[in-house]
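I have placed the structure first, in the form of structure tokens, so that the comments after it can refer back to it.
Positions are given from 1, in the same order as the sequence printed here. Scope of the values below: all heavy atoms of this structure, side chains included, with no hydrogens, waters or symmetry mates. Both counts, for ligands and for their atoms, begin at 1 and track the order of listing.
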Amino acid sequence: MTLLDIRDLTVTFGAFTALDHIDLTLDHGELRFLIGPNGAGKTTLIDTITGRTRPTSGTITFNGHTLNKRSEHHIVRAGIGRTFQTSVVFEHLTVADNVDLAASFRLRPWQLLRRPRTPHPEVPDLLERVGLTPHTHALAGTLSHGQRQWLEIAMLLAQHPRLLLLDEPVAGMSAAERTRTGELLTRIAADHTVVVIEHDMDFLRRYARQVTVLHEGRILTHGDLATVQNDPRVQEVYLGRTPQETRP
Ligand SMILES: Nc1ncnc2c1ncn2[C@@H]1O[C@H](COP(=O)(O)OP(=O)(O)OP(=O)(O)O)[C@@H](O)[C@H]1O
């Protein structure tokens with residue numbers, strides 16, 4: 001069943017076309033990798049789905065509702081969560097408090113002030129899910145890079161999204177952290193729809209099921225990993241190069 005339906009989406013910045021008549025659908029429970037060379041339009045696509053960037057034309061329908069003119073806040077409440085390339089955790093709060101705040105996002109400001117001092121009941125489960133239980137009371141600023149990414153994923157899950165959009169979740173991670181993240185994303189995709197923007201080809205080969213390739217603002221191709229890997233156009237623009245060569 002379709003969860004996200006993007007039709008004929010175009011985004012221009014002045015005279016520059018960043019997304020050029022994109023059609024894309026995502027089904028419930030999909031783990032979709034979005035790849036493409038630098039400047040292909042991957043982040044712009046996520047920015048547009050989440051209301052940060054306005055479409056120039058086209059429609060984005062999520063769970064049967066049009067998102068085009070909705071605010072970022074409304075889109076989060078509708079069930080779409082994202083991470084950014086840069087971390088957004090509160091470094092001077094504990095790991096548990098960061099997740100607690102994220103879980104309280106539906107509260108009004110006055111409710112936030114009056115809420116009980118006991119943490120949200122879901123916090124321990126969320127920390128367990130991402131493997132951060134031993135760090136529950138640590139300040140978020142003391143976490144390793146990989147642990148911060150997992151904390152951000154727990155914060156996203158606390159908001160009960162149906163669709164998670166993750167921008168380069170394993171960038172800068174160690175090999176062991178990448179493996180843990182791949183396993184975590186696979187588990188999350190069992191009951192969410194997950195889109196992962198990723199440059200790391202080894203990670204892609206290990207964990208990708210369906211892959212969409214963007215190039216110069218257009219969908220170059222889409223399919224399972226083997227189909228995409230064997231597509232000569234993809235090899236030419238992307239997969240034929242090493243991950244290092246695709247970095248800026
Ligand atoms: N606000 C903006 N104003 C003007 N141009 C922009 C803006 N945002 C993005 N662009 C341009 O749109 C193109 C697509 O950028 P985008 O960040 O979406 O690419 P990307 O595929 O995510 O690349 P990367 O892998 O480097 O993050 C780039 O040429 C970029 O310079």
If you count the atoms of ligand 1 from 1 in the order shown, which ones are under 4.0 Å from a heavy atom of [X]?
| X | value |
| --- | --- |
| Thr43 | 17 (O), 18 (O), 20 (P), 22 (O), 27 (O) |
| Ala18 | 12 (O) |
| Ala40 | 19 (O), 20 (P), 21 (O) |

Residue pair Leu214, Leu220: steps toward the side chain to side chain contact (heavy atoms under 4.5 Å, CB included) verdict: CA-CA 5 Å; Leu214 266 182; Leu220 184 68; over 6 Å; no
Please confirm whether [X] comes within less than 3.5 Å of ligand 1 when only nitrogen or oxygen atoms on both sides are compared.
| X | result |
| --- | --- |
| Glu168 | no |
| Phe16 | no |
| Gly36 | no |
| Leu45 | no |

Option with minimal heavy-atom separation from atom 15 (O) of ligand 1, where the choices are Thr44, Asn38, Thr12: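 Checking each option, the heavy atom nearest atom 15 (O) of ligand 1 is found in Thr44.
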Atom of Gly217, atom of Ile22 and distance for their closest heavy-atom approach: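 What the structure gives for the nearest pair is O-CD1, 3.3 Å.
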Thr133 to Glu128 - nearest heavy-atom pair and separation: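 The answer is OG1-OE1, 2.9 Å.
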Thr193 side chain to His28 side chain, donor-acceptor N/O pair below 3.5 angstrom: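 Their side chains do not contain a donor-acceptor pair, so the 3.5 Å distance test is not met.
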Pair Thr179, Arg206: side-chain N/O donor-acceptor within cut-off below 3.5 Å: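 The criterion, which ignores hydrogens and geometry beyond distance, is satisfied for Arg206 and Thr179.
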Result of checking Leu26, Ile6, Ile80 against Phe62 for side chain to side chain contact (heavy atoms under 4.5 Å, CB included):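 Testing Phe62 for a side chain to side chain contact (heavy atoms under 4.5 Å, CB included) against Leu26, Ile6, Ile80 leaves exactly one candidate, Ile80.
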